[in-house]
Colleague: 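Questions regarding the structure given below will be posed in turn.
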Amino acid sequence: MRDFEGKVVVVTGGGSGIGAAICALFAREGSRVVVADIELAKAEAVAAELVDTGARATACFVDITSTESCEQLADHTNAHFGRCNLLVANAGVLMLGGLATRTEEDWRWVFEVNVFGTIRTVNAFMPQLRQNSGEAQILVTCSMAGLMASAPGKGVYNASKHAQLSYAETLRDELVDEGIEVNILLPGGTVSAITESERNRPSESGRATPISEQEFVKMLEHIGETEAPVTTEQCIRTLLQDLRNNETWINPGSGQRRAIEARFKRLSESFDRADANPA
C-alpha cells in the first residue's frame with residue numbers, strides 16, 4: 001500500500017514497546033488503529049492516548065496462543081472499523097539462557113507465541129485481507145536473531161525467529177499473486193518490555209531458569225551487541241517508506257551486523273570449498 005489514511009491497521013503486542021510505537025505512527029497517518037495486547041489495560045491506555053490526539057483507535061484483548069482469541073480480534077476489528085488492511089503481527093516473547101538448562105516447556109512456550117502465534121494471527125485475518133486484495137499488507141516483526149544461527153544463551157529465541165522468518169518470507173512469495181504484500185521488520189536491540197516476557201507466561205508451563213551472568217557476557221560478545229539499545233522510534237524510522245516500497249526486509253540497523261555478515265561469509269566460503277573440489 002502507498003496511502004495509509006483511513007486504512008484499518010491491527011497491531012498485536014500494541015500495548016508497549018515497538019507495537020505501541022507502530023500504533024502511534026499509523027495514527028499520525030490517519031489510519032484507524034486496533035491496539036491488541038494480552039495486557040488489555042496497556043492496550044486501552046495506548047488507544048486512549050491516540051484518541052486524545054484526534055485519532056480513531058480501539059483496544060482489544062488478544063492471546064495469540066489461542067486460535068479463538070485471534071479470531072475474536074478479527075471479529076472485533078471488522079465490527080469497529082471494517083476489514084483489516086494492514087496486519088502487524090508484532091507480539092513476541094524473549095527467553096535467554098543456555099540450551100542445556102532449557103526445558104521442553106520453555107521451548108513450547110516460546111514457539112507457541114513467536115511461531116504459532118504469528119501463524120494463528122495471520123490465519124485469523126486472512127479472509128479479511130483477501131477481500132481487501134490490492135490494499136492488503138502483512139508486517140511480521142521478526143528479529144536480527146532470525147539471521148544469526150548461533151548465539152550462546154539465546155538459542156531458543158533464535159530458533160523461533162528463524163522459523164518465523166522462513167514462514168514470513170515464504171508467505172510473501174505465496175501471496176504476491178493475490179495482491180497481498182508481506183514485509184518483515186528486523187529489530188536488533190530495542191528498548192522494550194520483551195526482556196520481561198515471563199510476566200505473561202502461563203503458570204502451568206513453568207518458569208525458566210534465569211540466564212547466568214557468565215552466559216550473558218558470552219552472548220553479548222558473540223553477537224557483537226556493544227551498542228546501547230535503540231529507541232522504538234529509531235527502530236521504525238524507515239517503516240513507512242519501506243512499506244510503501246514493499247521492501248522484503250525492513251532493517252533499522254544493528255550492532256549485530258558484523259556477526260551476521262561473518263556468518264554468511266563463512267557460509268559463502270563453504271560453497272567456495274565445495275566448488276574447488278568437484279566430485
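Because the structure is a prediction, the values reported are computed rather than measured.
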Colleague: Determine whether I38 and V62 make a side-chain contact, defined as any pair of heavy atoms from C-beta on separated by less than 4.5 Å.
Modeller: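 No. Closest side-chain heavy atoms not under 4.5 Å.
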Colleague: R263 side chain to L147 main-chain N or O, any donor-acceptor pair under 3.5 Å?
Modeller: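 Confirmed, R263 side chain pairs with L147 backbone.
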Colleague: Restricting to side chain to side chain contact (heavy atoms under 4.5 Å, CB included), what partner residues turn up for E247, sequence neighbours left out?
Modeller: D242, N245
Colleague: List for me each residue that meets side chain to side chain donor-acceptor pair (under 3.5 Å) alongside N246, sequence neighbours excluded, and say none if there are none.
Modeller: R172, N183
Colleague: Of all residues at least two apart in sequence or in a different chain, which pass the side chain to side chain contact (heavy atoms under 4.5 Å, CB included) check with N123?
Modeller: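 Partners of N123 by the side chain to side chain contact (heavy atoms under 4.5 Å, CB included) criterion, ordered by chain and then number, come out as I119.
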Colleague: Go through the structure and list residues passing side chain to side chain donor-acceptor pair (under 3.5 Å) with Q234, not counting sequence neighbours.
Modeller: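 For Q234, the residues satisfying side chain to side chain donor-acceptor pair (under 3.5 Å) (neighbours in sequence not counted) are T231.
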Colleague: Mind checking whether V11 and V35 have side chains closer than 4.5 Å, heavy atoms only?
Modeller: no
Colleague: Considering residues at least two apart in sequence or located in another chain, which fulfil the side chain to side chain contact (heavy atoms under 4.5 Å, CB included) criterion with A163?
Modeller: F111, V115
Colleague: State, yes or no, whether a side-chain contact exists between V10 and V88 at a heavy-atom distance under 4.5 Å.
Modeller: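 Side-chain contact under 4.5 Å: no.
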Colleague: Could I get the full list of salt bridge (Lys or Arg N to Asp or Glu O under 4.0 Å) partners for R237, not counting sequence neighbours?
Modeller: none
Colleague: So, do T65 and F116 sit near enough that their side-chain heavy atoms are less than 4.5 Å apart?
Modeller: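 No, too far: nothing below the 4.5 Å cut-off.
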Colleague: Please name all residues satisfying ring pair (Phe, Tyr, Trp, His ring centres under 6.0 Å) with H76, sequence neighbours left out, ordered by chain then number.
Modeller: H80
Colleague: Please identify each residue that fulfils side chain to side chain donor-acceptor pair (under 3.5 Å) with E261, with sequence neighbours left out.
Modeller: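 In terms of side chain to side chain donor-acceptor pair (under 3.5 Å), with neighbours along the sequence ignored, E261 is linked to R257.
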Colleague: Please confirm whether the backbone N or O of D63 pairs with a side-chain atom of S69, one donor and one acceptor, at under 3.5 Å?
Modeller: yes
Colleague: Show every donor-acceptor pair shorter than 3.5 Å between a side-chain atom in residues 173-182 and any protein atom, with sequence neighbours excluded, or say none if there are none.
Modeller:
{"from": "E178", "atom 1": "OE1", "to": "R130", "atom 2": "NE", "distance (Å)": "2.7"}
{"from": "E178", "atom 1": "OE2", "to": "R130", "atom 2": "NH2", "distance (Å)": "3.2"}
{"from": "E181", "atom 1": "OE1", "to": "M1", "atom 2": "N", "distance (Å)": "2.8"}
{"from": "E181", "atom 1": "OE1", "to": "Q137", "atom 2": "NE2", "distance (Å)": "3.2"}

Colleague: Under the side-chain contact (heavy atoms from CB on, under 4.5 Å) rule, what do D37 and T12 come out as? Steps first, then yes or no, please.
Modeller: CA-CA 6 Å; D37 205 288; T12 65; over 6 Å; no
Colleague: Among all residues two or more places apart in sequence or in another chain, which pass the side chain to side chain contact (heavy atoms under 4.5 Å, CB included) test with S31?
Modeller: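 F4, V9, F26, E29, V33.
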Colleague: Quick one: side chain to side chain donor-acceptor pair (under 3.5 Å) pairs with a partner in residues 106-118, sequence neighbours left out?
Modeller: T103-D106, E104-R108, D106-R201, E112-R120, N114-S160, T118-Q164
Colleague: Find out whether L185 and L139 are in side-chain contact, i.e. whether some heavy atom of one side chain is under 4.5 Å from a heavy atom of the other.
Modeller: yes
Colleague: Only counting residues at least two apart or in another chain, list the ones meeting side chain to side chain donor-acceptor pair (under 3.5 Å) with T141.
Modeller: N90
